[in-house]
Amino acid sequence: MVKRQARGRQRIGEILDAALALFAETGYDRTSTNAIAARAGISPGSLYQYFPNKEAIADALSERLLGELREAHAAAFDDSAVAELPLPDLVSRVVDPLVFFHVANPGAKVLIGEKGQPLHTGVTDRVGALLRARSPHLPDDDVRRTSTVAVQIVAALMGGIVAAPEPERAALVQELKRALTGYLAPPGGL
């Protein structure tokens, strides 16, 4: 029974991996369950043993991606000493796991959609908490505004970073970090 469950989890993972790749390559609307099954190396009938339709696959995939995004956020923010880091190190600490997630999961933003809004809000709140820890004198409105702009800078550049081939991707990540460091550097920021 345990081997069967492990094979089932593995098969579900393969289906979700295939769906993610196809959604990123051809888009959600142009991807069929037959194409997902073919990419996963199984018959359409086998796919339907696990998922009744493409929407169920997308739902399961978005839940998996949300979990991975939560882990990326934890890697970026969950350390009591993170606010003590020099600003360039802090920016790298926050940006690198988020870039890694989005590069590893192209198209994740589209799949996660509105389900990701609480995470997006959470990132803005966490950036605000870092601002508050580093600059306790800043007024609340400045903290809120600065954290919102910093998150929007990352969001605006992420699509281009994900789409760029190496070594251009690394150069764009460095430019993102430079922009954030410049924006957050005193006197108005961190």
Can you find a pair of side-chain heavy atoms, one from Leu20 and one from Leu65, that are under 4.5 Å apart?
yes
Please check if atom CZ in Phe100 has more than 12 non-hydrogen atoms from other residues, nucleotides or ligands closer than 6.0 Å.
no
On a heavy-atom basis, which atom in Ala40 and which in Ala18 lie closest, and how many Å separate them?
N-CB, 3.7 Å
Which atom names give the shortest non-hydrogen contact between Ala72 and Pro97, and what distance separates them?
O-CB, 3.6 Å
Taking only residues at least two apart or on different chains, which pairs with a member in residues 154-165 satisfy side-chain hydrogen bond (donor to acceptor under 3.5 Å, both in side chains)?
none
Phe101: which of Asn105, Leu98, Val99 passes side chain to side chain contact (heavy atoms under 4.5 Å, CB included):
Asn105
d(Glu14 CD, Arg11 CZ) to nearest 0.5 Å is 5.0 Å
Should Arg30 and Leu22 count as side-chain neighbours, where that means a heavy-atom distance under 4.5 Å?
no
Qualifying salt bridge (charged side-chain N to carboxylate O under 4.0 Å, His left out) pairs with a residue from residues 40-53, counting only residues at least two apart or across chains:
none
Going from CG on Leu16 to CD on Glu63, what distance comes out if it is rounded to the nearest 0.5 angstrom?
11.0 Å
Is there a side-chain contact between Leu184 and Arg134, using heavy atoms and a 4.5 Å cut-off?
no
Minimum heavy-atom distance between Ile36 and Ala19, given as atom pair plus value:
CD1-CB, 3.9 Å
Counterpart residues, side chain to side chain contact (heavy atoms under 4.5 Å, CB included), relative to Ser147 (two or more places apart):
Thr124, Val127, Leu131
Note, Val94 side chain near Val154 side chain (heavy atom, < 4.5 Å):
no
Heavy atoms of Ala133 and Ala83 approach each other most closely as CB-CB, 3.7 Å
What I'd like to find out is whether the side chain of Asp125 reaches to under 4.5 Å of the side chain of Phe77, using heavy atoms alone.
no
Within residues 170-180 or reaching into it, pairs that qualify as salt bridge (charged side-chain N to carboxylate O under 4.0 Å, His left out) - sequence neighbours excluded
Asp96-Lys177, Glu175-Arg178
What heavy-atom pair brings Arg132 and Leu138 nearest, and what distance separates the two atoms?
NH1-O, 2.7 Å
Do you know which two heavy atoms are closest between Pro106 and Val162, and how far apart they sit?
CB-CG1, 4.0 Å
Can you find a pair of side-chain heavy atoms, one from Ile57 and one from Leu47, that are under 4.5 Å apart?
yes
Contacts of Asp89 that satisfy salt bridge (Lys or Arg N to Asp or Glu O under 4.0 Å) - sequence neighbours left out
none
Just to verify, what does Glu168 make a salt bridge (Lys or Arg N to Asp or Glu O under 4.0 Å) with, not counting sequence neighbours?
none
Salt bridge (Lys or Arg N to Asp or Glu O under 4.0 Å) partners of Asp141, counting only residues at least two apart
Arg144
Please list all pairs passing the salt bridge (charged side-chain N to carboxylate O under 4.0 Å, His left out) test where one or both residues lie in residues 37-48, with sequence neighbours left out.
Glu25-Arg39
For a side chain to side chain contact (heavy atoms under 4.5 Å, CB included) check, start with the C-alpha distance between Glu68 and Arg64, then their side-chain angles and the critical distance, and finish with the verdict.
CA-CA 6 Å; Glu68 291 175 12; Arg64 182 178 88 175; 3.7 Å; yes
Side-chain touch Lys54/Tyr28, heavy atoms, less than 4.5 angstrom
yes
State the OG-CG distance between Ser92 and Leu180, to the nearest 0.5 angstrom.
10.0 Å
Got a sec, which residues hit salt bridge (Lys or Arg N to Asp or Glu O under 4.0 Å) with Arg126, two or more places apart in sequence or on another chain?
Asp78
Can you sort out the partners of Leu157 under side chain to side chain contact (heavy atoms under 4.5 Å, CB included), two or more places apart, ordered by chain and number?
Ile153, Ile161, Leu176
With the side chain counted from C-beta on, respond yes when Phe51 and Thr33 share a heavy-atom pair under 4.5 Å apart, and no when they do not.
no
Could you grab the distance from atom CG of Leu172 to atom CE of Met158, nearest 0.5 Å is fine?
11.0 Å
Suppose the criterion is salt bridge (charged side-chain N to carboxylate O under 4.0 Å, His left out): which pairs have a residue in residues 145-165, not counting sequence neighbours?
Asp142-Arg145
By side chain to side chain contact (heavy atoms under 4.5 Å, CB included), which residues pair with Pro52, not counting sequence neighbours?
Ala56
Working to the nearest 0.5 angstrom, can you tell me the gap between Leu87 CG and Tyr183 OH?
12.5 Å
